[in-house]
Amino acid sequence: QVQLVESGGGLVQAGGSLRLSCAASGRTFSSYASGWFRQAPGKEREFVAAISRSGGITYYVGSVKGRFTISRDNAKNTMYLQMNSLKPEDTAVYYCAADPMGTPRVQASLYPYWGQGTQVTVSS
């Protein structure tokens with residue numbers, strides 16, 4: 001199993017940037033494809049981005065393409081989400097997730113391991 005802890009959330013003005021981190025412990029992080037999801041109040045959890053075990057394949061939801069970048073450093077057992085040009089509609093709790101399957105996937109239900117989440121608030 002793997003344990004995940006997110007950090008880096010906070011309050012930022014529209015147009016600003018934040019970098020989220022997801023630190024993994026337990027089984028070797030490079031064994032897992034990983035993803036970022038978010039959930040705004042009153043809404044369902046939404047896929048944001050995913051990355052393969054090696055980092056060579058990435059997927060993004062259309063609303064964040066060109067603004068967010070997912071990456072990972074397997075030597076540090078850490079995944080990142082660099083978020084630029086933030087908008088108020090990006091406000092949500094952001095979760096990282098890990099999946100022992102090699103191909104990154106967009107469905108939240110396919111990820112068995114989750115962190116506790118970190119709040120991102122973007123003010124207008």
Side-chain angles (χ1 to χ4, degrees):
Q1 291 190 356
V2 64
Q3 292 78 44
L4 305 172
V5 178
E6 303 94 337
S7 62
L11 173 64
V12 64
Q13 289 188 335
S17 298
L18 284 174
R19 188 175 81 155
L20 305 184
S21 298
C22 174
S25 61
R27 192 175 171 186
T28 304
F29 189 47
S30 60
S31 300
Y32 298 84
S34 303
W36 288 97
F37 293 78
R38 65 187 180 187
Q39 188 166 18
K43 295 187 177 181
E44 293 187 354
R45 193 165 295 190
E46 174 191 32
F47 168 76
V48 176
I51 190 167
S52 62
R53 292 171 177 168
S54 67
I57 300 172
T58 57
Y59 297 140
Y60 297 91
V61 68
S63 59
V64 309
K65 281 183 180 178
R67 300 190 298 123
F68 291 10
T69 302
I70 189 171
S71 62
R72 65 191 299 161
D73 185 339
N74 287 335
K76 296 182 178 179
N77 285 342
T78 303
M79 178 177 65
Y80 304 97
L81 186 67
Q82 177 66 44
M83 305 186 295
N84 299 328
S85 302
L86 282 160
K87 304 175 180 180
E89 52 263 42
D90 295 318
T91 295
V93 178
Y94 282 71
Y95 299 89
C96 66
D99 178 9
M101 298 298 293
T103 302
R105 299 186 284 184
V106 304
Q107 302 96 322
S109 61
L110 297 178
Y111 286 80
Y113 304 109
W114 291 84
Q116 294 299 308
T118 185
Q119 176 70 47
V120 171
T121 303
V122 184
S123 63
S124 58

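Under a 3.5 Å cut-off, the side chain of Gln116 and the backbone N or O of Glu6 do not form any donor-acceptor pair. At distances below 3.5 Å, at least one donor-acceptor pair connects side-chain atoms of Arg72 with backbone N or O atoms of Ser52. Side chain of Asn74 to main chain of Ser54: no donor-acceptor pair is present (N/O by atom type, distance under 3.5 Å, no hydrogens or angles). Under the 3.5 Å distance criterion, the side-chain polar atoms of Thr121 are left unmatched by any main-chain donor or acceptor of Thr91.
Between Gly8 and Leu18, the shortest heavy-atom distance links the atoms O-CD2, 3.8 Å. Across Pro88 and Ala14, no two heavy atoms sit closer than the pair CD-CB, 4.1 Å. Minimum interatomic distance between Glu46 and Ser63 (heavy atoms only, all atoms of both residues): OE2-OG, 4.4 Å. Tyr111 approaches Ala97 most closely through the heavy-atom pair CD2-CB, 3.5 Å. Tyr60 and Ala49 get closest at one heavy-atom pair: CD2-CB, 3.7 Å.
The distance from the CD atom of Gln39 to the CD atom of Gln119 is 11.0 Å, given to the nearest 0.5 Å. Interatomic distance, Leu20 CG to Gln82 CD, rounded to the nearest 0.5 Å: 9.0 Å. Rounded to the nearest 0.5 Å, atoms CG (Leu81) and OG1 (Thr69) are 8.0 Å apart. Taking CZ from Phe29 and OG1 from Thr78, the interatomic distance works out to 7.5 Å, rounded to the nearest 0.5 Å. Rounding to the nearest 0.5 Å gives a distance of 14.0 Å between OG of Ser124 and NZ of Lys87. Cys96 SG to Ile70 CD1: the interatomic distance, rounded to the nearest 0.5 Å, is 9.5 Å.
Here salt bridge (charged side-chain N to carboxylate O under 4.0 Å, His left out) pairs that include residues 109-124, with residues two or more places apart or in two chains, number zero. Applying the side-chain hydrogen bond (donor to acceptor under 3.5 Å, both in side chains) test to every pair with at least one member in residues 95-107, sequence neighbours left out, gives these pairs: Asp99-Arg105. Pairs engaging residues 56-69 under the salt bridge (charged side-chain N to carboxylate O under 4.0 Å, His left out) rule: Arg67-Asp90 [sequence neighbours left out].
By the criterion of side-chain heavy atoms lying less than 4.5 angstrom apart, applied directly or through intervening Ile, Leu, Val, Met, Phe, Trp or Tyr residues, Tyr80 is not grouped with Val61; the two fall into different hydrophobic clusters. Follow the hydrophobic side-chain contacts under 4.5 Å out from Trp114 and you never reach Met101; the two are in separate clusters. Using a 4.5 Å cut-off between side-chain heavy atoms of Ile, Leu, Val, Met, Phe, Trp and Tyr, with links allowed through other members, Val64 and Leu86 fall into the same hydrophobic cluster. When hydrophobic clusters are built by joining Ile, Leu, Val, Met, Phe, Trp and Tyr residues whose side-chain heavy atoms come closer than 4.5 Å, directly or via intermediates, Leu4 is not grouped with Leu110.
Between Tyr32 and Tyr113, the ring planes are perpendicular. Angles over 60° get that label, and only those under 30° would be called parallel.
The salt bridge (charged side-chain N to carboxylate O under 4.0 Å, His left out) check on Glu89 picks up nothing, with sequence neighbours excluded. A search for ring-ring contact (aromatic ring centres under 6.0 Å, His included) contacts involving Phe47 returns Phe37, not counting sequence neighbours. The salt bridge (charged side-chain N to carboxylate O under 4.0 Å, His left out) search around Arg19 returns none, not counting sequence neighbours.
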Original post:
When you look at Trp36 and Met83, which way does the side chain to side chain contact (heavy atoms under 4.5 Å, CB included) test go after all the steps?
Top reply: CA-CA 12 Å; Trp36 288 97; Met83 305 186 295; over 6 Å; no
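When side chains are defined from C-beta on, Ser34 counts as touching Ile51, because their heavy atoms get closer than 4.5 Å. Ser123 has its side chain within reach of Gln13: a pair of non-hydrogen atoms, C-beta onward, lies under 4.5 Å apart.
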